[in-house]
Amino acid sequence: MNREELNEELKTTADNAPRQMKPLRKLKRIDNSPKPAEPVYHGLHEAPQIDIAIEGEERPQERAPQQVYHGMHEKGRADDIVESAVYDDDYDYDYDESEKGSGKKKKKKSKKDALIKLTAVLLSIAAIITLFLNMPILWYKKSGQPDERVSIITYFKRWQPTVDLEGELEKPQIDFSVDPDIVTEDFTDGLDLPQLIEGQYTVLFLGFDEDQELTDVIWICQFDIAGGKLHILQVPRDCAVPNYTSNPTAKINSVYYYAWDQESSKIQRVVNCVQDNFGIPIDAYITTTCFDIVDIVDLVGGIPMNIDNEIVYEADKIIPAGENVVLTGEQAEWFVRFRHDWLQGDIGRVQNQRRFMAAAMQKILSIVKDEGKMKLYSYLNTIYKNKWIATNMSVEDLSKLADFGSILSMDNVSVNMVPGEDAAYIGSDGNEYSIYSIHKRATVDMLNESFRPYQRPMLLSESNIMEFVSEYEYQYELYDDTGITFKDLEKATEPPRASDYN
């Protein structure tokens, strides 16, 4: 019987045998852990495996059992992972609780990867915040300008915290005679301030008395931004300007409250007077009171000064003599207001105020040097918050000026006083008053030299200065040239006292 006949007979036998359903086998979870071999179960009626070999034929080769693939992280496959003998230092390793005895480690996520992901999240948040802050979602309103939708950042930069105290300035109607040979179309100083004349920015500083009616301190601070300088013009409070005030004294310190022009704001009255008489365009203003000076000086920790002789402001208000005396806020107020012992009265006070300005400038420079600009900005923020000054300048404008001032050297800051002399004046009430008569020609010459760097020279006819002593009857010209730098003021002594000539 050959192989084919044998297979046919087996098939016939199998077909004729009664068929019964095989019992279901239970599914078993594959366990790859090494265990003793178990016999393979076969069903009761399973056909026996017949291994038939025909003589002369080759035995078919047995196929290797197919291996089942398991993922690297499949449960129970930790034993199949082959570890390298070299470990990456950037990774953390931990032992599996079930395999502590084997000493094998499981690889965790990289610290570097976690840091990168955290950085990406933070950068995304920062980008979203920046985008939000730069979105035009707020309405910005300013007198004389159309309403504008701006971002939060722009709104904060343009914010004028104390402008409501004095108000905005009007746009000047006079011609400031800008020199076109200097201020060309492409000329810029690089500071991007709201200027009347490119290259310079001028701030009018006023200090009030106790009643906040008279401006006993009048300084015109011109920042020559393109030239990297600061020029300060001191205007004596007794300067006579009868065309601008109804006060019988005719003094310029009364223009703020008693101006003939009662329609303009009080600050605008002083600005108009200054521009008409001195031809200097005023971009902004700062006002303060003698009480506020006390708080500002105390805020920055006092002002060091050399006091040549004891100053007795009142019986119980004394500033001791000495080198590097740190003036408190109260002492600083006494110092800038003291005038009774000076031989030249109010002019002596003006000269002494120069020394205080130079010391205050040195203090600002030391703050920036020792504590950084952020400390200076924090002081400005406190001053704004407490409204110790009133100004139409925005937060951004004042910060820019502070930055500019902090890089100036004491040699590049100069101070002048309006030339003139003492004179008598009969007021509208019939009384005689002591005034300061301005020397017009000397004043115009000084203005052309130091305060009109980007304007054509001023003519005598272009100034509204009124003289009460004619040029040919001057008693003295002592105050016609008082220019001095802050560097020289560091070595200056106090003005002459009346007691020195008794």
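Every value quoted in this text rests on a predicted model; they were computed, and no experiment measured them.
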Derivation of the side chain to side chain donor-acceptor pair (under 3.5 Å) call for D488 and T485
CA-CA 5 Å; D488 294 331; T485 66; 3.2 Å; yes

Whether K400 side chain and D192 backbone form a donor-acceptor pair below 3.5 Å
yes

Taking every heavy atom of L165 against every heavy atom of I389, the minimum-distance pair comes out as CD1-O, 4.1 Å

Would you sort out whether Y244 and D276 count as a side chain to side chain contact (heavy atoms under 4.5 Å, CB included), showing the intermediate values?
CA-CA 10 Å; Y244 292 88; D276 292 347; 3.0 Å; yes

Taking it one step at a time, do Q195 and D189 satisfy side chain to side chain donor-acceptor pair (under 3.5 Å)?
CA-CA 11 Å; Q195 304 149 274; D189 54 38; 2.5 Å; yes

Between F338 and W342, is the ring centre distance below 6.0 Å?
yes

Is there a donor in the side chain of N412 and an acceptor in the side chain of S409, or the other way round, less than 3.5 Å apart?
yes

Between K229 and D411, does any NZ, NE, NH1 or NH2 come within less than 4.0 Å of an OD or OE carboxylate oxygen?
no

Steps toward side chain to side chain contact (heavy atoms under 4.5 Å, CB included) verdict (S177, M458):
CA-CA 8 Å; S177 303; M458 188 180 188; over 6 Å; no

Exercise: identify the closest heavy-atom pair between E323 and N306:
CA-OD1, 3.4 Å

Do you see a donor-acceptor pair shorter than 3.5 Å between the side chains of N253 and D216?
yes

Could you check whether Y479 and D422, counting side-chain N and O atoms only, form a donor-acceptor pair closer than 3.5 Å?
no

Determine, for D179 against R456, whether the closest basic-nitrogen to carboxylate-oxygen distance falls under 4.0 angstrom.
no

Y379 and E371: side chain to side chain contact (heavy atoms under 4.5 Å, CB included), yes or no, with the steps?
CA-CA 11 Å; Y379 289 146; E371 303 178 70; 4.0 Å; yes

Heavy-atom closest pair, residues L233 and M446
CD1-CE, 3.5 Å

In terms of heavy-atom contacts, Y384 and S394 come closest through OH-O, 3.5 Å

Please test F335 against Y313 for ring-ring contact (aromatic ring centres under 6.0 Å, His included), starting from the C-alpha separation and ending with a verdict.
CA-CA 8 Å; F335 186 88; Y313 184 73; over 10 Å; no

Return the minimal non-hydrogen interatomic distance between K251 and R237, and the atom names on each side.
CB-O, 3.6 Å

Measuring centre to centre across the rings, with the benzene-like ring taken for any Trp, is Y201 within less than 6.0 Å of F404?
no

Just so I know, are the side chains of T443 and I465 near enough to count as touching, which here means a heavy-atom distance under 4.5 Å?
yes

Please check if the side chain of T382 supplies one atom and the backbone of S378 the other of a donor-acceptor pair under 3.5 Å.
yes

For E263, look at atom CD and say whether over 12 heavy atoms of other residues, nucleotides or ligands are found less than 6.0 Å away.
no

Would you say K375's side chain and V368's backbone share a donor-acceptor pair under 3.5 angstrom?
no

Can you tell me if K363 has over 12 outside heavy atoms packed within less than 6.0 Å of its NZ?
yes

Are D346 and R339 close enough for a salt bridge, meaning some N to O gap below 4.0 Å?
no

Check R497 with E494, please: is the shortest side-chain N to carboxylate O separation under 4.0 Å?
yes

Between the side chains of D261 and S264, does any donor sit under 3.5 Å from an acceptor?
yes

Using a strict cut-off of less than 4.0 Å between a Lys/Arg side-chain nitrogen and an Asp/Glu carboxylate oxygen, indicate whether E467 and R441 qualify as a salt bridge.
no

Quickly, which of R354, R349, R355 forms a side chain to side chain contact (heavy atoms under 4.5 Å, CB included) with N352? Name it, please.
R355

Is the backbone of W388 close enough, under 3.5 Å, to the side chain of T288 for a donor and an acceptor to pair up by distance?
yes

I'd like to know whether CD of E449 has more than 12 heavy-atom contacts from other residues, nucleotides or ligands below 6.0 angstrom.
no

Is a side-chain donor-acceptor pair under 3.5 Å present for T245 with N247?
no

Check the pair N324, M305 against side chain to side chain contact (heavy atoms under 4.5 Å, CB included), reporting the backbone distance first and the verdict last.
CA-CA 5 Å; N324 289 322; M305 289 197 63; over 6 Å; no

Of V350, V241, T215, I252, the residue whose pairing with V235 passes side chain to side chain contact (heavy atoms under 4.5 Å, CB included):
I252

Kindly state each residue pair satisfying ring pair (Phe, Tyr, Trp, His ring centres under 6.0 Å) with at least one member in residues 248-288, sequence neighbours excluded.
F208-Y256

Has the side chain of Q268 got a donor or acceptor atom that lies under 3.5 Å from a matching backbone atom of E170?
yes

Step through the shown structure and confirm whether more than 12 heavy atoms of other residues, nucleotides or ligands are within 6.0 Å of CG on D481.
no

Closest heavy-atom contact between Q455 and P281?
OE1-CD, 3.8 Å

Can a donor-acceptor pair be found between the side chains of H231 and S414 at a distance below 3.5 Å?
yes

Mark yes or no for whether Q222, through its side chain, and F451, through its backbone, hold a donor-acceptor pair below 3.5 Å.
yes

Kindly assign one of parallel, tilted or perpendicular to the pair Y474 and H439, based on the angle between their ring planes and the thresholds 30° and 60°.
parallel

